[in-house]
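It should be emphasised that the depicted structure is a prediction, and the values quoted were computed from it without experimental measurement. Just so we're on the same page: letters track the sequence lines, and every chain starts at 1.
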There are 2 protein chains.
Amino acid sequence: MPTIDERILLRGDENVKERAIPEATVARLPLYLRSLVEMTERGTTTVSSEGLATAAGVNSAKVRKDLSYLGSYGTRGVGYDVEYLIYQISRELGLTQDWNCVIVGIGNLGRALANYRGFGSRGFRVVALLDVDPVKIGTYVDDLLIEDFDEVERIVKERRASIGIVTTTGSAAQGAADRLVASGVKSILNFAPTVLQVPEEVSLRKVDLSIELQILSFYEQRKAALEGVLRGGRLTASASKSTRP
Amino acid sequence: MPTIDERILLRGDENVKERAIPEATVARLPLYLRSLVEMTERGTTTVSSEGLATAAGVNSAKVRKDLSYLGSYGTRGVGYDVEYLIYQISRELGLTQDWNCVIVGIGNLGRALANYRGFGSRGFRVVALLDVDPVKIGTYVDDLLIEDFDEVERIVKERRASIGIVTTTGSAAQGAADRLVASGVKSILNFAPTVLQVPEEVSLRKVDLSIELQILSFYEQRKAALEGVLRGGRLTASASKSTRP
DNA sequence: ATTTGTGAATCGGTTCACAGCG
DNA sequence: CGCTGTGAACCGATTCACAAAT
């Protein structure tokens with residue numbers, strides 16, 4: 001009911017907690033955003049929760065609930081205006097501004113991330129590559145110079161970096177994170193296979209490749225185990241329960 | 001109370017649902033495993049739920065609940081035997097066998113994953129690198145040959161690959177996944193920035209770098225917004241509420 | 001004395017189902 | 001009439017708190 005006006009009022013209101021958006025919703029907004037951008041590229045101007053759900057690989061109730069946390073941006077009987085939703089989600093995600101990132105640890109992964117197109121695309125700008133290895137320092141990845149990690153404080157401040165991407169070895173990661181935090185970095189994305197400790201005002205997310213594989217391994221193994229049991233003929237009694245007419 | 005004996009009985013039992021381990025627990029087991037391995041390397045033989053919790057960056061109640069799904073492997077008043085826990089978690093995760101992986105799409109990321117030490121470490125063996133680019137086909141990454149993706153069916157079967165790692169562009173990913181599934185791959189780890197559709201018997205996990213950054217951006221932005229409001233002096237009334245004596 | 005293992009309470013998130021609105 | 005927005009019901013996961021075990 002109270003669309004634009006309430007939105008503005010809320011922004012200027014003295015109510016701090018405002019509309020607290022659930023973490024799970026925050027994690028899905030980028031997914032919706034990507035689907036919506038693809039839609040505009042294909043010329044779609046309006047989309048229903050059902051349509052967006054299909055594109056994003058979730059269900060429509062979730063889409064509606066999620067979007068309702070941002071405000072009432074849909075039109076009943078019609079759907080959502082794609083362009084307008086893109087704007088609202090972008091704003092909510094803080095993508096209307098650029099974020100400067102530094103990558104620490106320029107091994108294979110750091111190198112890959114350094115020239116990963118798709119970072120740049122949505123306002124993430126790699127402003128420094130840092131490493132401790134004198135052999136690497138002074139060389140280039142793409143057109144980005146690898147600089148001495150020892151200079152991290154100066155570099156982070158000078159270039160207003162707020163996001164640190166850690167792609168060091170596991171053992172170097174905590175030290176790297178500590179220095180990044182000391183330099184004023186407010187968010188860290190950790191690819192190193194270790195649990196990082198950061199002050200609570202610093203946001204931390206992690207991506208662990210080998211853990212992902214181990215999770216797949218679990219389900220794979222469970223499938224195999226179940227099949228083994230079934231083939232072994234042990235389940236005849238309870239299996240008959242699942243027999244369909 | 002019923003430790004080893006019940007464990008064995010359960011394994012051979014006709015009860016299918018057995019001990020269904022919650023997804024959230026499965027996702028943490030690799031974390032515990034890594035901490036435990038580090039502990040043996042440092043010579044620790046016994047650990048309490050509290051100790052493991054600290055190492056893995058979770059709380060001790062969670063550790064106890066999680067481990068209780070695997071069985072009663074701890075000793076009250078003492079803790080868990082590190083070596084034994086490693087064995088049990090490894091077995092549960094299916095890490096007592098090797099898993100063969102193929103990587104599809106040998107760009108920067110595919111290349112980085114191809115020579116990522118840490119895959120190999122825990123029983124994941126990269127058995128093929130596949131791409132469609134004739135310029136890449138026939139060249140090597142480390143000592144692994146890049147082969148024609150068109151051969152995926154033959155290669156997956158011959159080398160008994162069960163995990164496919166997709167590092168193609170977003171637009172090529174679904175096609176790659178379809179071919180992988182058709183070839184008999186049972187698990188897919190997707191790095192491409194797109195939502196993949198796979199049959200429900202295929203396990204799917206995804207890692208999306210730009211989504212992770214966007215999530216960080218949200219929290220970063222929210223911090224900045226809050227600070228702005230506070231500095232703007234708008235919160236004096238409610239802020240006084242939080243003043244401490 | 002100490003630490004596990006686990007019911008019970010709680011929390012956050014998802015899904016349902018429908019009233020409200022264009 | 002169709003689709004959004006949202007209370008209510010539900011479900012899975014987390015946390016609490018303590019009895020059981022050694």
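Tyr87(B) and Glu83(B) are not linked by any side-chain donor-acceptor pair at a separation below 3.5 angstrom, with hydrogens and angles left out of the test.
Here dT4(D) presents its C1' atom at 12 Å from CG of Leu85(A), a figure rounded to the nearest Å. Atom P of nucleotide dG5(C) and atom CG of Leu67(B) are separated by 8 Å, given to the nearest angstrom. Rounded to whole Å, the distance from OH on Tyr84(A) to P on dT4(D) is 16 Å. Atom CG of Leu70(A) is separated from atom C1' of dT6(D) by 15 Å (rounded to the nearest Å).
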If a protein heavy atom is under 4.0 Å from the base, mark B; if only from the sugar-phosphate, S; if neither, -; do that for nucleotides 6-15 of chain C going 5' to 3'. BBB----SSB
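Judged as a side-chain hydrogen bond (donor to acceptor under 3.5 Å, both in side chains), and not counting sequence neighbours, Asn59(A) has no contacts. Take Ser35(A) and apply the side-chain hydrogen bond (donor to acceptor under 3.5 Å, both in side chains) test, not counting sequence neighbours, and it matches no residue. Shown here are the side-chain hydrogen bond (donor to acceptor under 3.5 Å, both in side chains) partners of Asp66(A), two or more places apart in sequence or in another chain: Thr25(A), Arg28(A), Tyr32(A). Under the rule for a side-chain hydrogen bond (donor to acceptor under 3.5 Å, both in side chains), Asp81(B) has no partner lying at least two apart in sequence or in another chain.
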For Leu67(B) and Ile89(B): C-alpha separation, side-chain torsions, deciding distance, then whether side-chain contact (heavy atoms from CB on, under 4.5 Å) applies. CA-CA 9 Å; Leu67(B) 296 182; Ile89(B) 295 179; 4.2 Å; yes
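For the atom pair CG of Asp98(B) and CZ of Phe124(B), the computed distance is 9.0 Å after rounding to the nearest 0.5 Å.
Of the residues in residues 38-55 of chain B, Ser48(B), Ser49(B) come within less than 4.0 Å of DNA chain C through at least one heavy atom, sorted by number.
A residue-by-residue look at Gly77(A) and Thr75(B) shows that Thr75(B) has its nearest nucleotide of DNA chain C further toward the 5' end.
Judged purely by atom type and a 3.5 angstrom limit, Ser162(B) has no side-chain atom pairing as donor or acceptor with the backbone of Val185(B).
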